[in-house]
Amino acid sequence: MSTISLHDTHNHDSHDDHGHHKETFLSKYVFSMDHKMIAKQFLITGIIMAVIAMGLSILFRIQLAWPDKSFPILETFLGEWAEGGRIKPDFYLALVTIHGTIMVFFVLTAGLSGTFSNLLIPLQIGARDMASPFLNMLSYWFFFSACVIMMSSFFIQTGPASAGWTIYPPLSALPTAIKGSGLGMTLWLISMVLFVASSLMGGINYVSTVLNMRTKGMDLWKMPLTIWAFFLTAILGILSFPVLVAGVVLLVFDRSFGTSFYLSDIVMGTQVLPNEGGSPILWQHLFWFLGHPEVYIVIMPALGISSEVISVNSRKPIFGYHAMIYSLIGITILSFIVWGHHMFVTGMNPLLGGVFMITTLIIAVPSAVKTFNYLATLWRGNIKFTPAMLFAIGLVSFFISGGLTGLFLGNASLDINLHDTYFVVAHFHLVMGSAAIFGMLAGVYHWYPKMFGRMMSNKLGYLHFWLTFICAYLVFFPLHFLGLDGVPRRYYAFTEFEFMQKWLTVNVFVTWAAIIGGLAQVAFLWNFFYSIFKGKKAPQNPWGANTLEWTAPVEHIHGNWPGEIPTVYRWPYDYSKPGAEQDFIPQTIPFSETMSSNMPHDFEGNAEAERIQKEWEDQRDADEKTKLD
Amino acid sequence: MVHSIKQQETGLDYRAKKFVMWLFVVSSTIMFGGWTSYYIVFSASKGKGHGLVLPELFIYSTAVLVLSSISLFLASRALKNQQFNAQKTFLCLTMVLGIVFGYLQVDAWSTMVKTGAVLMNNNAAISLIYIVSGFHILHIFAGICLVFNALMGAYKELPMEKRTYRMEIASIFWHFIDILWIYLYVFLLLNS
């Protein structure tokens, strides 16, 4: 294929169905309908939100470490929320609420799925763009508005929502309950409705694209594990987010129109409220029906990314490709029937609790299958320790150490002790927080050349990895012991309770680790933004990977491939295949060009192909024999 | 060559976009599923449902909605048989019936309000009737927009492929909201 003919066809393509004219700044960078640009928009917005949420966490870590000390600089920045240089209790609650909300939804859902599903689905399945580029654009701008509205709650008198990221009523349903229940809560709800709309538009697009727009030869069982993970994640989103909307609508009516869906028998001060008959537990059911699948929406894309990164950089086929997919499907299905494990202490019928306990513990099986497959892929691999690879291995580490405590918490009898303690905080920050962030960073380092056409600095990448990895463990590991001692989460100051005072020194240690971990992100931010402009130019296929995206030109073009979309002949994990010339064989290479490395199972029972292969091998053997003679 | 590839790909494009509509239908079903499961759990734990005799107007509105679905089906068939005028007539009829349905629903609300079964109620089951029928009306509004879009396609004499696509999108959605209302109505009748 020569470049000239390529450019020719490209020009035809860019004038296709939606009447694309000359690209202006606005249509290229702002209201772009190109999936690659939308991916970058999601990524950069996600990074900004992540930095904000991390900043919030440092603020409340400072409060936890030095509850009696005054930091006048805080007052300079936060004004009356930190009067006298100490963070107020109200604001502390707002900080933990918004930290959780941003991290779970804005960074690890939109930032992760939004970036990599958008970038990789069309590129890895061989499509020109998404099923509906317009919906895709809308999805980003809904997400952006959600971010702006969420952040705007920091600029109002009463401050942001403070009822925790799960916004349980009645705290969230009564505008006068606490300061954060007022306008801040309203903004939270508006922001989340926009966010859910954005996620649904995105998810619907991903599923439709994967099912309808794969290139020739790309059957479902030849898709990379990244695509499987994004696909199943999108299905989870489509099936669970609408339930959150249903719950939020009822909450809005309780707040603003005086209904009693979640409210009953409430006395505010001396005043008895008229609401009767509702039940706050019903909110928990509706919320966690989304909320639990949500944690898999967060982790599954990260797992998919690390499958790809680990296989490429071990120069080995992924171990148990089918098992990986079936375990993803297993996680997807099981995640809908475990939500009750968040509610063991709500007075749930013990029998029902037992059912939820069993389903929860069964999830350990597919999760363990995935973990063992990662380890088996690494085993005796020809490992290339790129920064992406380190982060992917980091994900496996966090997934194991955080996943193990899931077995504790899944047991109803143990959970009654550990519920709402720092043990839970430690568990989910390792298994879905750190693990998912590491998966996301692995993806950023791995696909940066595809996104920006340039390479990131490896040295800064290693610095970033080691500091972040060590600090994450130093921050979250000690929290397990606080939790086992019964220290509750979300408490403002440990000085008020005698049994908690001995943990103050640990808090100081954790806060220092958090601050250092936070500073380590500067290495990443510098590396990321500097390399966009000044990084080394990326080669066509920097990691020697098999998947389709590396066959597309480095310069981004509308429609991804000039001329025809490449056809796929094989699965994406033919690394270090015995008899092959190189240690990787891209998906676009037909078996007829790799006669020396074909295996009997490659032909999936195609008798004709097997016959040709056998003929070729007989011929080769005969040739060798004559040579020897 | 390039041309034929492009045609093939735009065909795919329509298929993928239609699938987007199906997925929207799924997620919308789940949202209403969330409300009806709220209702089931609520009424099971309180031992009471809405306890009302639903206004007769709901029967009429249901009939109107079913008629509108039939009319939209006839419009689809007219398009397939290239009877463009008949298609336009049936599309207009569908929209009118949709508006009548919306009117009847609001009328039914006012009868409910007159009997004292208001939205702000200490029986959440009664409030939920307003929620589900209200959000259903929002869907009707969206559906009318889609039918209007198909009608515009007919008036602008767009290429046949595009007209069929708009018609199919409108049909998927309209038949869905028809069935959705029947489900909600039967649900509310059975769980009083």
Side-chain angles (χ1 to χ4, degrees), chain A residues 8-9 12-13 16-18 127-132 134-135 196 200-201 203-209 211-213 234-235 237-247 249-250 253-254 257-264 274-279 281-283 285-286 289-290 559 563-565, chain B residues 1-48 118-128 130-132 134-135 138 159 161-162 165 169:
Chain A
D8 247 29
T9 35
H12 285 293
D13 276 355
D16 61 0
D17 51 326
H18 39 253
R128 297 268 180 229
D129 207 313
M130 285 288 174
S132 170
F134 176 73
L135 264 189
V196 171
L200 280 176
M201 284 188 269
I204 285 175
N205 233 332
Y206 307 149
V207 171
S208 181
T209 310
L211 287 181
N212 293 300
M213 298 174 73
I235 290 178
I238 293 172
L239 297 182
S240 62
F241 271 118
V243 180
L244 180 69
V245 177
V249 165
L250 301 187
F253 274 83
D254 271 7
F257 300 98
T259 53
S260 308
F261 290 112
Y262 304 125
L263 297 172
S264 189
N275 306 75
E276 225 178 277
S279 161
I281 302 291
L282 283 168
W283 163 265
H285 280 295
L286 288 176
F289 189 83
L290 153 90
E564 257 182 274
I565 300 177
Chain B
M1 172 76 184
V2 171
H3 189 68
S4 69
I5 292 169
K6 236 172 64 187
Q7 263 184 343
Q8 194 192 350
E9 276 170 20
T10 39
L12 266 181
D13 215 7
Y14 282 133
R15 204 179 71 192
K17 280 181 181 158
K18 247 188 311 185
F19 198 75
V20 164
M21 183 45 86
W22 278 113
L23 289 172
F24 179 81
V25 165
V26 169
S27 65
S28 183
T29 308
I30 288 177
M31 183 171 77
F32 283 92
W35 283 319
T36 47
S37 32
Y38 173 98
Y39 189 101
I40 291 168
V41 177
F42 174 86
S43 59
S45 65
K46 306 281 167 192
K48 64 174 181 187
V118 290
L119 169 66
M120 280 161 281
N121 207 299
N122 277 341
N123 184 353
I126 294 174
S127 313
L128 205 73
Y130 287 94
I131 302 277
V132 290
F135 273 80
L138 288 181
E161 205 185 20
K162 215 160 190 174
Y165 163 71
I169 289 283

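We name chains A, B, ... by the order of the sequence lines, and we start the count at 1 in each one. Predicted, not measured: the structure shown is a model, and the values here were computed from it. Side-chain atoms are counted along with the backbone in the values below, which use heavy atoms only and exclude waters and symmetry mates.
Residue with the most contacts toward chain B among A/Asn205, A/Leu211, A/Val249: A/Val249 (heavy-atom pairs, distance under 4.5 Å). The candidate with the highest count of non-hydrogen atom pairs below 4.5 Å against chain B, out of A/Val243, A/Leu244, A/Ile238, A/Ile281, is A/Ile238.
If you take OG1 on A/Thr209 and CZ on B/Phe19, they are separated by 10.5 Å, rounding to the nearest 0.5 Å. One finds the CE atom of B/Met120 at 12.0 Å from the CG atom of A/Asp254 (value rounded to the nearest 0.5 Å). Rounded to the nearest 0.5 Å, atoms CZ (A/Phe257) and CG (B/Leu119) are 8.0 Å apart.
Heavy-atom distances place the side chain of A/Leu200, and not its backbone, under 4.5 Å from chain B. With a 4.5 angstrom heavy-atom cutoff, A/Leu135 touches chain B only via side-chain atoms. Residue contact with chain A, scored on non-hydrogen atoms closer than 4.5 Å, involves the backbone and the side chain of B/Leu128 alike. Proximity to chain B is absent for every atom of A/Phe241, based on heavy atoms less than 4.5 angstrom apart. For chain B, the nearby parts of A/Ile204 are the backbone and the side chain; heavy atoms of each come within less than 4.5 Å.
A side-chain donor-acceptor contact under 3.5 Å links B/Tyr38 to the backbone of A/Phe261. Looking at B/Asn122, its side chain does come within 3.5 Å of a backbone N or O of A/Pro274 through a donor-acceptor pair.
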